[in-house]
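Heads up: the structure comes next, in structure tokens.
What you see is a predicted model, and the numbers here were worked out from it, not measured in a lab.
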Amino acid sequence: LSLQRDVSLLGTLKWRMVLAMPTGASGLSMAAGLILIGMGPGGISGMTRAAIEAATNADFRRYEAYTALWSNDDLEELEQEIGEIKRVMRPEVEEPVELLQLAKGNVVALLVVGDPLQATTHVDLQLQAIEEGVECSVIHGVSITGLVTGAVGLSNYRFGRQTTLTYPYGGWVATSPLEVIALNKKQGLHTLALLDLDPTGEGVGGQRPMQPSDAKDSILRMGSKLLENLDDYSKDTPFDLLKLEAYSDICENISSLMVVLCSDMGTKNQSMSYVSVDDLSNANSGGLHCLIVPAEPSDVEVFALNRWSKK
């Protein structure tokens, strides 16, 4: 999938979406350009044939290593299959001067865990490439946002806004993730909460995926801060009052809030546990985790969730 810029007969700038067609073993039919390749959740077995072929046939391969991660073993196996891979971090992707210059005369594959257009950063990169006259194609991959909701067994139609639990950067605690969870729950909507990878928030290295015990600490800190600041929120509209009620409800006994801990989804180590926030500290560590915070479940969803309860 690629975007091309056209000018209409009236001089209006418009965008045209073009499907990049694979050409068998030779990969995508492009002499130079940037290919955003979805790697899937983990392991070469989860990549599409088109993704592997395109990466193999690229002149240069770059692995975006700050929005999500593969294990070192999986990366080594992939490198043996497709050729040398160089890691790039947030600065190289958000300010892609070197990347786009290289793509003007070569085929450059940017390998992204999951699906390459799930993060705003990569959409922005796609648009910057077009502005620079660099052809940019996309090969989609399996994303955690689609994988986990089906695997847990909750209705995909009942999910609200997604959020990310963050580390307390420099001691500063963001309450917005818990606000999202609380309002979703109040409205009968489930929440997918991704877990932070970077304790520094800078995206330049030193990634340490948040573990279940870290998530517990983050949630409890947010709950404490949110409860302290309830009087500071607006009460001007019915929606303001609904939010306040939602925030108060979730903070009332937040350590007992039930969540589904989803670990290393889409890999051979995949596991799910339906536990309280307090019990997250007893959960096994792993690679990448996320949480689902269910709203009031339907009858079918109750049975689905109970599969992941401790026996």
Side-chain angles (χ1 to χ4, degrees), residues 41 68 143-168 173-197 208-227 243 245-267 269-311:
S143 170
I144 190 66
T145 57
L147 171 63
V148 72
T149 56
V152 168
L154 298 178
S155 171
N156 193 55
Y157 292 103
R158 291 191 61 201
F159 274 79
R161 181 181 166 191
Q162 181 179 309
T163 190
T164 300
L165 301 188
T166 58
Y167 283 107
V173 177
T175 60
S176 54
L178 188 57
E179 293 171 20
V180 170
I181 293 169
L183 188 56
N184 279 347
K185 194 171 178 67
K186 189 69 174 178
Q187 298 178 102
L189 301 173
H190 311 309
T191 306
L192 169 60
L194 305 178
L195 303 189
D196 204 353
L197 299 176
R208 185 177 72 83
M210 183 181 279
Q211 295 300 309
S213 58
D214 299 317
K216 172 187 173 179
D217 181 63
S218 176
I219 292 170
L220 294 182
R221 283 173 179 245
M222 286 190 292
S224 178
K225 183 176 178 180
L226 187 57
L227 193 59
K243 290 191 290 185
E245 186 177 346
Y247 302 162
S248 178
D249 287 349
I250 205 164
C251 292
E252 186 174 341
N253 195 7
I254 196 165
S255 62
S256 298
L257 178 68
M258 296 299 293
V259 300
V260 184
L261 172 65
C262 305
S263 303
D264 298 314
M265 300 300 290
T267 75
N269 298 318
Q270 172 176 311
S271 67
M272 288 168 279
S273 302
Y274 187 40
V275 297
S276 68
V277 166
D278 194 49
D279 283 337
L280 285 173
S281 56
N282 301 319
N284 294 329
S285 60
L288 291 179
H289 306 273
C290 64
L291 299 177
I292 286 182
V293 184
E296 186 67 30
S298 68
D299 292 343
V300 172
E301 289 176 325
V302 167
F303 287 108
L305 288 172
N306 284 340
R307 293 176 296 171
W308 319 125
S309 298
K310 290 183 177 180
K311 305 301 184 185

Hey, is the main chain of R221 close enough, under 3.5 Å, to the side chain of S224 for a donor-acceptor pair? no
Have N156 and T149 got a donor and an acceptor in their side chains that come within less than 3.5 Å? yes
Between the side chain of Q211 and the main-chain N/O of G286, is any donor-acceptor distance below 3.5 Å? yes
Are K186 and E245 ion-paired here, with the side-chain N under 4.0 Å from a carboxylate O? yes
Trace of the side chain to side chain contact (heavy atoms under 4.5 Å, CB included) decision for F159 with I292: CA-CA 10 Å; F159 274 79; I292 286 182; 4.0 Å; yes
Please determine whether the number of non-hydrogen atoms from other residues, nucleotides or ligands lying under 6.0 Å from atom CD of E252 exceeds 12. no
With no hydrogens and no angle check, is any side-chain donor or acceptor of W308 less than 3.5 Å from a backbone partner on V260? no
Hey, are D264 and T267 close enough side-chain-wise for a donor-acceptor pair under 3.5 Å? no
Side chain to side chain contact (heavy atoms under 4.5 Å, CB included) between L261 and M272, worked out: CA-CA 6 Å; L261 172 65; M272 288 168 279; over 6 Å; no
Under the criterion side chain to side chain contact (heavy atoms under 4.5 Å, CB included), I'd like the reasoning laid out for S155 against E301: C-alpha separation, chi angles, the key distance, then a yes or no. CA-CA 8 Å; S155 171; E301 289 176 325; 3.5 Å; yes
I'd like to know if the side chain of S273 and the backbone of V275 have a donor-acceptor N/O pair within less than 3.5 Å. no
Sidechain-backbone polar pair: D249 side chain, A246 backbone, donor-acceptor under 3.5 Å: no
Closer than 3.5 angstrom, by distance alone: can the side chain of R307 be matched with the main-chain N or O of V152 as a donor-acceptor pair? yes
Between D279 and K216, is there a side-chain N and carboxylate O pair less than 4.0 Å apart? no
Would H190 and N184 count as a side chain to side chain contact (heavy atoms under 4.5 Å, CB included) if you check the C-alpha gap in whole Å, the side-chain angles of each, and the deciding distance to 0.1 Å? CA-CA 6 Å; H190 311 309; N184 279 347; over 6 Å; no
Without swapping roles, check the side chain of Y167 against the backbone of M210 for a donor-acceptor pair under 3.5 Å. yes
